[in-house]
Amino acid sequence: KGGELVCDFCQFQEEFLRILTNMSDRTREFLSIVREYDKTSKSSASSSNSKVQSRSAFQEAAGEIARGIHRTSKSLSNLSKLVQRQGLFD
């Protein structure tokens with residue numbers, strides 16, 4: 001039984017050494033991919049900034065329209081209350 005254990009360990013050690021010798025350092029490849037990602041993310045960030053600016057202009061215009069609708073609604077509400085108090089043809 002002890003001999004089997006030693007044999008299993010030897011096989012493990014041989015397999016481990018085989019894996020180690022076939023390994024290669026891919027750090028440069030990884031760093032290259034990271035640099036490429038940084039470039040693309042920066043360019044997409046600048047294009048999204050222009051989208052945000054145009055969206056802001058749209059939101060500003062929509063907000064102005066909403067304020068106008070709110071003012072008109074208040075005026076109509078006040079006019080409706082006035083008509084109800086005085087009657088239409090008094």
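Applying the 4.5 Å side-chain rule to ILVMFWY residues, one finds that Tyr37 remains a lone member of its cluster. Through direct or relayed side-chain contacts under 4.5 Å between Ile, Leu, Val, Met, Phe, Trp and Tyr, Ile69 connects to Ile65.
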Indicate every side-chain donor-acceptor pair of residues 27-36 with a distance under 3.5 Å to a residue at least two apart or in another chain.
from	atom 1	to	atom 2	distance (Å)
Thr27	OG1	Asp25	OD1	2.5
Glu29	OE1	Arg26	NE	2.9
Glu29	OE1	Arg26	NH2	3.0
Glu29	OE2	Arg26	NH2	3.0

Which atom pairs, one a donor and one an acceptor, fall under 3.5 Å between side chains of residues 75-83 and the rest of the protein, sequence neighbours left out?
from	atom 1	to	atom 2	distance (Å)
Ser75	OG	Arg71	O	3.1
Asn78	ND2	Lys74	O	3.4

Using side chain to side chain contact (heavy atoms under 4.5 Å, CB included), reason through Glu64 and Arg67 one step at a time and then give a plain yes or no. CA-CA 5 Å; Glu64 186 59 39; Arg67 285 187 285 278; 3.2 Å; yes
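With sequence neighbours excluded, no residue forms a salt bridge (Lys or Arg N to Asp or Glu O under 4.0 Å) with Glu14.
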